[in-house]
Amino acid sequence: MEDPTLDPLFADLTEPQAEAVRHTEGPLLIVAAAGSGKTRVITRRIAYLIGCGIVPWSVLALTFTNKAAGEMRERVLHLLGGADSRQARGLTVTTFHSLCSRLLRKYADCAGLKPDFTIYDTSEQTALCKKVIESLQLSTTNFQPRNVLGVISNAKNKLQGPEQFAATTYDFASKTIAKIYASYAKALRGANAVDFDDLLLLTAKGLRESAVFREECQRRWKYLLIDEYQDTNQAQFEIASLIAGEGEANDAGVKRGPNICVVGDPDQSIYGWRGADISNILDFEEHYAGAKVILLGENFRSTSSILAVADTLIKNNKKRKIKPLFTRKQGGDPVDAVLCRDERHEAHIVAQWLKARHLGDARSAGEPWREMAVFYRTNALSRVLEETLRSEAIPYTIARGTAFYDREEIKNALAYLKVVANPADDVSLSRIANVPTRGIGDTSVDKVEEWARLQSETLLEGMRNVSSIDGVTARSAASIQRFVAMLDSWTGNGTFLGSEISGSLADLVNRVLKESGLEAMYRHQAHTSKSEADEERLDNLAELVSSAREFELEYDPDSDPAAFPGVDLASAGVLSETPPLLAMLRAYLESVTLMADADTVDPAQGSVTLMTLHAAKGLEFGAVAMIGMEEGTLPHSRARESESELEEERRLCFVGITRAMRRLHVSAAKYRAIRGLSERTIPSRFLAEMPTEYMNIHDKGGGLESTTEWDEMDQSAPEDRPARKAASPMAAEFPVGCRVRHPQFGIGEIKSIMSGAQTRAEVQFRDVGRKTLILEYARLTKVN
DNA sequence: CAACGACGCTCGAAA
DNA sequence: AGCGTCGTTG
């Protein structure tokens, strides 16, 4: 029955793996333990589907990151016979967010949107939310945009619109948030913008409410595959179910349910905080009656020592579906566990360990730098590590792809482009109105904004009508009119950018940078301030132009999953009117906004990778070091109250451990500086939960007699801890007016005792231009 | 309207 | 320690 030409797809697969590949019809749940060859199974399965004669464009595979999608696509193409991609034409492998964005552009009117909407990132969301709170005459201290957005995001992830959310509120505060939510949603529509959560929410809503939207998707995609299913939220569940539909009866008239294949591991569910609903995977069999379930329990990645540590740890989770995790590999080096003095010491020890692994030893060959990684719970932990690695000349890269696009100069440039792409984008417009300064002050912008709000018009329309707005000086009005004229020169007269510019995106970016005066502004700054950072800004702008050029080279308008084969774009209305350059600009801005941190991890580079535990999911490295294994850091202090959050922290730790193939190093610091203050820590309970027989434990923290068990360490109750006692003793030693010496800043005088803080004082120094600094007592000595 | 400096708040992970 | 905001000054 099986086509012999497909045999290679089954080469070196275990029986459960092969079974998963072979199961093409009807719902399928693959519970894939860490390192169980999940990606291999998924890619072979897609190739097998196509090999069986299923049209590629009826296959939809969804992942969480662009990187995962890219790799999956690549591997499928490879299996189908190399670079010749014709066989896979129309195959959709993408992220949830990208898919939703494209679908919403195509079916914009089904979702109450215009197809040229902008996607707001976190900072734009915050800016808009703040404006909304202010316009409702509420205090942004009582209702902090950050917190309010968190509540709104949770609601959206649960598919609650403003009305549904309002129905769940009883107390005053949440009722007020419901009002903010309603206004915020309205403001987003007014700016022709959506936020990240809207991409999912509005797609789910559109699919549910519009039969056209839903049926076209169902008609196209007959085979659905979802990776990391344990991390899907309710909105994503809804989208998947609606696209999957009911399934069709086969030739024999037997109904099997839809061809939806989900892959995941409940033990690696680490996104509960952003609405991931683990019951999606746990209840899959209930949602899809007759679903086939395949367990992949054999680990092909790690040594048995590493696996034993991971397995013993995760067994401490009470709410857990027990599943086997085993390997045929035996032995392996023990896991190194080190207690360090403080974060600098820890960084040093990790650096030495990385160097030793790089060189290799009698038992094992050296690891190339790119095969090594350091994981941490919070981004703040990376700084000391970076400094140390730099001074030790260890090449490293931080997996924080968004960092580039977070820079002020880049955000300004992108804001200009966003306004070009979507003139209704008020948040971006108000950001750049006076950057560089062109005589449009906050007061004038406020006036125009107020007018626009009252008229339900966009800010740009307000600016056009500035002459009729009271309270704007003639001078400001003239500046605003010049500004509007500049914007019009880029977009205006129906011909997008006229005919002066070729269809090049990079040229467009360049032109906007020059004519807006942004480039000149940063060049001027670089000249006058001559600080390193300012010179870098110009380079970054140049880098932005290159990124646009790069995008342009790879851009393929046909790869849009919403550009359905056979669907005539001209008949789809608005899309046909869009000049190609504008379409490309929008696609570029979209890709920039939907870029994930993990997307920029480039293993081809010869450097150690630094990243958060969350970003590490789905990756593997020869040698892994995990730092900051302390109570309050991992598990994080904010997770302490709830048992379920604690279990999620444990899963996070499990994810980190199971990334390691050959060597693992875990460390804790006895003192760690948090917000600049050094604090005594307690080793993480997760260390105590690891089996010591697979570990090499070193106490390099000093002070304590060497102990071999983690749980014997730091038995001292918090009250007994040395240092940082009450303020009085130190404050008494260094009264106000007392003269002190600091090793770095020289002689100074105590100006004030920091209230609340017990370890710091404000000191004014003579030798440093009478600068006032806040310093720790510990580094001060008294002088007479 | 812009530049500068002091103050105060914050740090949890992300598309 | 780092950033944004507020208040003061030019």
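Chain letters run A, B, ... following the sequence lines, proteins first, then strands; residues in each count from 1.
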Within the pair A:T612 and B:dA14, is there a side-chain N or O less than 4.0 Å away from OP1 or OP2?
yes
Between B:dA15 and A:Q236, is there an OP1 or OP2 to side-chain N/O distance shorter than 4.0 Å?
no
Below 4.0 angstrom from OP1 or OP2 of B:dA15, is there any side-chain N or O of A:N157?
no
Answer yes or no: does a side-chain N or O of A:N379 lie under 4.0 Å from OP1 or OP2 of B:dA13?
yes
I'd like to check, for A:H614, whether its ring lies over the base of B:dA14 with centroids under 5.5 Å apart and a plane angle smaller than 30°.
no
Test: A:R638 and A:E645 ion pair at under 4.0 Å
no
Would you call A:F96 stacked on B:dA15, i.e. ring centres under 5.5 Å apart with the planes less than 30° off parallel?
no
B:dA15 OP1/OP2 closer than 4.0 Å to side-chain N/O of A:S98:
no
Determine the contact category for A:I440: base if any of its heavy atoms lies under 4.0 Å from a base atom, sugar-phosphate if only primed atoms, P, OP1 or OP2 are that close, otherwise nothing.
sugar-phosphate
Base, sugar-phosphate, or nothing for A:R146, non-hydrogen atoms under 4.0 angstrom?
sugar-phosphate
Is it true that atom CZ of A:R390 has more than 12 heavy atoms of other residues, nucleotides or ligands lying nearer than 6.0 Å?
yes
Under-4.0 Å salt bridge between A:E590 and A:R586:
no
Between A:S153 (side chain) and A:L149 (backbone), is there a donor-acceptor pair under 3.5 Å?
no
